[in-house]
Amino acid sequence: MGVELAIRPYRRRFAQPLYTAHGPWVWREGLLLRLRDTLGRVGYGEVAPIPWFGSESVAEALAFCQGQAEEWRSQPIPGELPATQFGLESAAADLDTENSVGGQEPAIPADSFANATICGLLPAGKTAVEIALQRLAQGHRTLKWKIGVHPIADEIHGLDQLVQALPPDARLRLDANGGLSLAQAEQWLAACDRVNASPQLATVEHLEQPLPPNQLAAMTALGERYQTAIALDESVATVDQLEDCWQRGWRGVFVVKPAIAGSPQKLEAFGHHHRPRLVFSSAFETVIGRRAALAIAARCAPSPASALGFGTQGWFADDWDTLTPAELWDRL
Ligand SMILES: [Mg+2]
């Protein structure tokens, strides 16, 4: 008898649809995986793809996992299945962790990160100021705001309102999800530079993925013209894409979502080899994927220079964020 692989698909509804430049996101679907060996040790993993980042579909991940015929032999996982690579490799690593029985004692407890080190997430649009003040009261110092959803004049006005409402030591990330034109990106960067020139205002830490992934050269040129940093996100969904953008000379910020990046081992090797400017981020995974992703972030950057983009708890219309991996598994 080898290692048994069990699969449980899940579907969670956002408490409010998440609006990005890609449109509304209403349901988060994925797979939970459990490996169990002959000693009764278990390891949990999660496949949490994001289709518009180029991840595989849940159906493709499910077909691959079911093809393992209930017995996991740790054979190579195809590169076209990056979220599956993350899920199975992190389950195998969890299984190898001595104290993994029942999944009760993760190497990095999800609650070991204070809100001060977690980037709080703001909804697109006018409610941002109100929610921003709540996030500050919860202890967050860095906040992320989705842009490229409403008319640009309204959103830049919203930025001015936000930075006036925030204390000067607060930091703000703007995430366009690749939804801006070049002219709009220039408008935003000019607005960010104007904010950042005022010491009494909060700082715009970076503008995330202003242009679509196929416009790396244009984003590199923008990075040379404006003071505010630009971060790649959709451009670098996988480790292979991270490596490619690094080889093509990108030295700005990289947003990394371990849950969709592929092999955790390869991701850690990339981080250790090049020492890039990494901002780790959630893919709206459950506690199982979150713990594995945060463990990778902790190994790549033991004392992160920038807040972790994991302010995603409480965004779903369920109580799963309060459960341990084993409890969540039993719930499904
Ligand atoms: Mg982003």
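It should be emphasised that the depicted structure is a prediction, and the values quoted were computed from it without experimental measurement. Both counts, for ligands and for their atoms, begin at 1 and track the order of listing.
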(message) Does Arg12 qualify as a cation-pi partner of Trp315, given the criterion of NZ or CZ under 6.0 Å from the six-membered ring centre and within 45 degrees of its axis?
(response)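 So Arg12 doesn't make the cation-pi contact.
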(request) Just jot down the side-chain hydrogen bond (donor to acceptor under 3.5 Å, both in side chains) partners of Asp154, sequence neighbours excluded, or say none. (result)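 So Asp154 forms no side-chain hydrogen bond (donor to acceptor under 3.5 Å, both in side chains) with any residue.
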(request) For His273, look at atom NE2 and say whether over 12 heavy atoms of other residues, nucleotides or ligands are found less than 6.0 Å away. (result)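 Counting other residues, nucleotides and ligands, NE2 of His273 stays at 12 neighbours or fewer.
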(request) Check whether any side-chain heavy atom of Leu159 sits under 4.5 Å from a side-chain heavy atom of Trp145, and report yes or no. (result)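 Yes; the side chains approach each other to less than 4.5 Å.
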Please list every donor-acceptor pair under 3.5 Å in which a side-chain atom of residues 118-134 meets a protein atom from a residue at least two apart or in another chain.
none

With a 3.5 Å cut-off and sequence neighbours excluded, list the donor-acceptor pairs that the side chains of residues 199-207 form with protein atoms.
| unit_1 | atom_1 | unit_2 | atom_2 | d |
| --- | --- | --- | --- | --- |
| Glu205 | OE1 | Arg171 | NE | 2.7 |
| Glu205 | OE2 | Arg173 | NE | 2.6 |
| Glu205 | OE2 | Arg173 | NH2 | 3.0 |
| His206 | NE2 | Glu208 | OE1 | 3.1 |

(message) Restricting to distances shorter than 2.8 Å, give the number of protein N, O or S atoms close to the Mg ion (ligand 1).
(response)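 Total protein N/O/S atoms under 2.8 Å from the Mg ion (ligand 1): 3.
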